[in-house]
Amino acid sequence: MTGTAPQGHNLTLELRPLSHALGAEVVGVDLAADLESAVIDAIRTAWNEHHILLFRGQRLGPDALVAFAKRFGDLDRHDATPHYRLESHPEILQITNKQIGGKPSETRNTGRNWHSDYSYTGHPAAASALYCAEKPPVGGDTMFCNMARAYELLSDKMKRIVDDLDAVYDIGLTAGIGERDPEKVAELHRINPPIAHPAVRVHPDSGKRALYVSERVSRFHGMTPDESRPLIDFLCQFATRPENVYRHQWRPDDLVMWDNRTTMHVALADFDPTQTRHMLRATLLGEASGFVVDA
Ligand SMILES: [Fe+2]
């Protein structure tokens, strides 16, 4: 498919399920093409149903990635993590283990615990589109879980409990943040104070309810950390059971787009760190959410 669609017909994409719980591969769409609105609409429909979409064999530089991602909404300029965006393209976050300025990149261990992107900000990311430019021959996988399905599988009683909670997100719980330059980390804390978001989100397009609790949650608002911990642990463990997970084994030129409102993900350190892993992310700006709380 090169971006044309029959006039007056609903377009049907060729989809291959990636796992039982979530994810589909979209076959035969060239994302660097000037895609018709009908194609974008069909992608959005598939995305709302499957939560993550995979497109193999794409050739996307920063310009093309930005142009494609923009078709789905406004892009975040990554002001929450200003040190890691591309200077030439603030809409692109670089996640890489290449040397930058003669030093190991601070993003080399990004995403090592289960999370939803930018959950520690006042505009949690609606969605992310991650492009694999280079990867080690083995590993560097990303796992995704379905938070709408996790919510759906809770008992009615537990649903009512989590419906009533706000989860406090703390950037300090980002895995590996302790390895980064202390001055930059202090700035990240200043930009991103602890913030409470509803523990259940309602998707604005699909109306689906989804659990919104992750390993970056320190407590529930109005509860102590000790009171909160068993429930945070239970919900994270429940959501990330293997049968609720898709594990993506990247190939160069893969583009995976995921909905941060209905999924979590974790980037695995299952590769030789002396081999290059170089990824580019465009982030779709989410709605304003949450309220800042005391640390
Ligand atoms: Fe992430």
Side-chain angles (χ1 to χ4, degrees), residues 22-23 47 51-54 65 69 72-73 75-86 90-97 105-133 135 139-147 150 167 169-180 184-185 188 191-192 195 197 201 210-217 236 239-240 244-250 254-271 277-286 289-290:
L22 77 168
W47 199 11
H51 310 290
I52 78 167
L53 294 180
L54 163 65
L65 177 55
F72 296 90
L75 298 188
D76 201 310
R77 294 173 68 83
H78 302 114
D79 290 334
T81 51
H83 313 293
Y84 315 130
R85 58 191 173 192
L86 280 187
E91 306 92 339
I92 300 279
L93 203 61
Q94 191 170 231
I95 297 159
T96 188
N97 61 0
S105 163
E106 294 215 323
T107 60
R108 66 191 182 283
N109 287 320
T110 289
R112 294 277 186 263
N113 56 0
W114 282 101
H115 67 283
S116 173
D117 288 332
Y118 273 0
S119 46
Y120 49 76
T121 76
H123 287 84
S128 302
L130 189 62
Y131 178 67
C132 178
K135 70 168 294 284
D141 298 355
T142 303
M143 297 202 296
F144 298 88
C145 73
N146 184 339
M147 297 299 269
Y169 284 84
D170 185 339
I171 194 171
L173 296 178
T174 301
I177 198 165
E179 302 165 6
R180 301 188 191 182
K184 286 184 188 161
V185 171
L188 291 178
I191 299 172
N192 304 289
I195 187 162
H197 294 294
R201 291 178 83 166
L211 200 54
Y212 195 63
V213 173
S214 82
E215 292 182 346
R216 296 181 181 176
V217 169
C236 288
T240 61
N244 198 41
V245 166
Y246 165 63
R247 178 170 178 151
H248 185 59
Q249 296 186 300
W250 293 93
D254 279 356
L255 184 287
V256 173
M257 47 198 273
W258 62 86
D259 195 322
N260 282 297
R261 298 162 296 197
T262 54
T263 65
M264 284 199 293
H265 57 282
V266 59
L268 303 179
D270 60 341
F271 63 101
R277 186 176 189 270
H278 187 69
M279 318 285 282
L280 301 176
R281 185 182 104 191
T283 311
L284 281 146
L285 191 62
S289 168

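If you read the sequence from its start, that first residue is 1, and numbering goes on from there. All ligand and atom numbering here is 1-based and tracks the order in the structure.
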Side-chain touch Val245/Trp114, heavy atoms, less than 4.5 angstrom: yes
Count of N, O or S atoms belonging to protein, less than 2.8 Å from the Fe ion (ligand 1): 3
Axial cation check for Tyr118 ring with Arg281, 6.0 Å and 45° limits: yes
Donor + acceptor pair across side chains of Thr142, His248 (<3.5 Å): no
Exercise: do Ser105 and Asn97 side chains pair donor with acceptor under 3.5 Å: no
Under 3.5 Å: donor-acceptor pair, side chain of His265, backbone of Gly111: no
Aromatic Tyr212 / basic Arg201 pairing, under 6.0 angstrom, 45° off normal: yes
